[in-house]
Amino acid sequence: MTLDDVRQRLRDARRVTALTGAGVSAASGIPTFRGADGLWRNFRAETLATPGAFAKDPRLVWEWYEWRRQLIAAAKPNPAHELLARWTRERAGFTLITQNVDGLHERAGADRLVRLHGSIWHVRCWNRCGAGDRDWRDDRLPLPSLPPPCPHCGGLLRPGVVWFGESLDPDVVSAATAATACDVFLTIGTSAVVYPAAGLVHEAKRRGAFTVEINTETTEASSAVDVALRGKAEEVLAQLARSADSEV
Ligand code: NAD
Ligand code: ZN
């Protein structure tokens, strides 16, 4: 199986679904969680992105999010975001699912994005007060105080993202699961260890999709997919698009 086979599959496919992870934003300078540059003040992400960490030290957790918001605000979408965004607009039957919280797919102009893990630009009330029960956008940078107060109840605001150990929004999971009924499923720049996101490629395969991984390294999904393409998302996608697009 080669790049040409994948191109052919993409040309012939009616429904294509892509799942992206932090690797898609690496070329924009956003650190992945598991890469060497993912550490912040010697903390691992897994020790900060949890409800327990927030309960213990909300200011510390917010300082980390503020650092990430600054990095992301200064970054630009890269060719991988641009190409996937174009497919959401131009390919009927294309669904884009992301684990990323950085908003770079949206900034590249993606339509109909399924955001599995929320957005770093959203906040919600930690107390789940009635008025502040849902997420809302608050992209002020810097935030006026850390941790920021809930404007409804005066309690704490938390980032509008899904932390380790938390459940995903069931409507979002349904939308992602529905999109596994496709002809080609691409898993791009994700280490494929965070569930339920990591299960989507297996579900797609079970339902008969041709499955493709694009990653710079071998992952848990590599042996399960039909084709594992080793390389940078921004480069491999550009190569795939070159001829797949000519038939769109
Ligand atoms: P991860 O950090 O676990 O894995 C990143 C993967 O990308 C690795 O397998 C790595 O080999 C690969 N990679 C690195 N550079 C690449 C490139 N240029 N092209 C292709 N692949 C490349 O990330 P994950 O699997 O997304 O899971 C981590 C969780 O952390 C997610 O739930 C996500 O919400 C969160 N996260 C988000 C961001 C973001 O929004 N940008 C950044 C870090 C973590
Ligand atoms: Zn509140």
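Just so you know, ligand 1 is whichever comes first in the structure, and atom 1 is the first atom listed for that ligand.
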(message) Can you confirm whether the side chains of Q8 and D12 place a donor and an acceptor under 3.5 Å from each other?
(response) yes
(message) I want to check a possible cation-pi pair here: R68 against W64, using under 6.0 Å from ring centre and within 45° of the ring axis as the test.
(response) yes
(message) Tell me the protein heavy atom at minimum distance from atom 17 (C) of ligand 1, and give that distance in Å.
(response) G23 O, 3.3 Å
(message) Closer than 4.0 angstrom, basic N to acidic O: yes or no for R89 and E82?
(response) no
(request) Using only heavy-atom distances, determine whether the side chains of S222 and R230 contain a donor-acceptor pair under 3.5 Å. (result) yes
(request) Number the atoms of ligand 1 from 1 as they appear, then name those within less than 4.0 Å of a heavy atom of G21, with their elements. (result) 26 (O)
(request) Mark up the atoms of ligand 1 that fall under 4.0 Å of a heavy atom belonging to I30, in ascending order. (result) 41 (N)
(request) Could you tell me the residue and atom name of the protein heavy atom closest to atom 15 (N) of ligand 1, and the distance to it rounded to 0.1 Å? (result) A26 CB, 3.6 Å
(request) Using heavy-atom distances, let me know which of V236, N215, V194 sits nearest atom 12 (C) of ligand 1. (result) N215
(message) I need the nearest protein heavy-atom contact for atom 32 (O) of ligand 1: residue, atom name and distance, please.
(response) H117 ND1, 2.6 Å
(message) Residue-level breakdown please: for A27 versus ligand 1, do any non-hydrogen atoms fall below 4.0 Å on the side chain, on the backbone, on both, or on neither?
(response) neither
(request) Look at atom 27 (O) of ligand 1 and say which protein heavy atom is nearest, naming residue and atom and giving the distance to 0.1 Å. (result) R34 NH1, 3.7 Å
(request) Return yes when G231 approaches ligand 1 closer than 4.0 angstrom through a heavy atom, no otherwise. (result) yes
(message) Test of understanding: with side chain to side chain contact (heavy atoms under 4.5 Å, CB included), list the residues that count as partners of P151, not counting sequence neighbours.
(response) W136, L157
(request) Provide, to 0.1 Å, the distance between atom 13 (N) of ligand 1 and the closest protein heavy atom, together with that atom's residue and name. (result) T216 OG1, 3.4 Å
(request) Starting from atom 39 (C) of ligand 1, find the nearest protein heavy-atom neighbour and note its residue, name and distance. (result) D102 OD2, 3.5 Å
(message) Below a 4.0 angstrom heavy-atom separation, can you tell me which part of A22, side chain or backbone, both or neither, approaches ligand 1?
(response) both
(message) V101 versus ligand 1: do any nitrogen or oxygen atoms come within less than 3.5 Å of each other?
(response) yes
(request) Can you spot which of D226, T180, T187 makes a side chain to side chain donor-acceptor pair (under 3.5 Å) with T211? (result) D226
(request) Give the atoms of ligand 1, by number and element, whose distance to some non-hydrogen atom of A233 is under 4.0 Å. (result) 17 (C), 19 (N), 20 (C)
(message) Quick check on R137: does its CZ atom have over 12 non-hydrogen neighbours (other residues, nucleotides or ligands) under 6.0 Å away?
(response) yes
(message) Quick test of your reading of the structure: of T190, N100, L229, whose heavy atom lies closest to atom 25 (O) of ligand 1?
(response) T190
(message) Any N/O/S atom, side chain or main chain, of H152 closer to the Zn ion (ligand 2) than 2.8 Å?
(response) no
(request) Could you check which of A221, S25, P31 puts a non-hydrogen atom nearest to atom 42 (C) of ligand 1? (result) P31
(request) Take the Zn ion (ligand 2) as the vertex and measure to SG of C150 and SG of C129; round to 10°. (result) 110°
(message) Determine whether a donor-acceptor pair (N or O, by modelled atom type, separation under 3.5 Å) exists between the side chain of S25 and the backbone of S28.
(response) no
(request) Output yes when R124 and D135 qualify as a salt bridge under the 4.0 Å nitrogen-oxygen rule, no when they do not. (result) yes
(message) Can you confirm whether the side chains of Q99 and T190 place a donor and an acceptor under 3.5 Å from each other?
(response) yes
(message) So for E234, does at least one of its heavy atoms come nearer than 4.0 angstrom to any atom of ligand 1?
(response) yes
(message) I need the minimum non-hydrogen distance between A221 and E213, along with the two atoms involved.
(response) CB-OE2, 3.8 Å
(request) Do me a favour and list the nearest non-hydrogen protein atom to atom 34 (O) of ligand 1 with residue, atom name and distance? (result) Q99 O, 2.5 Å
(request) For T98 and T20, test the side chains for any donor-to-acceptor distance below 3.5 angstrom and give the result as yes or no. (result) yes
(request) Using the side-chain contact (heavy atoms from CB on, under 4.5 Å) rule, pick out the option among T177, D169, D171 that qualifies with V173. (result) T177
(request) Report yes if some N/O of F164 lies less than 3.5 Å from some N/O of ligand 1; otherwise report no. (result) no
(message) Students should be able to answer this: which protein heavy-atom is nearest to atom 43 (C) of ligand 1, and at what distance?
(response) F33 CD1, 3.3 Å
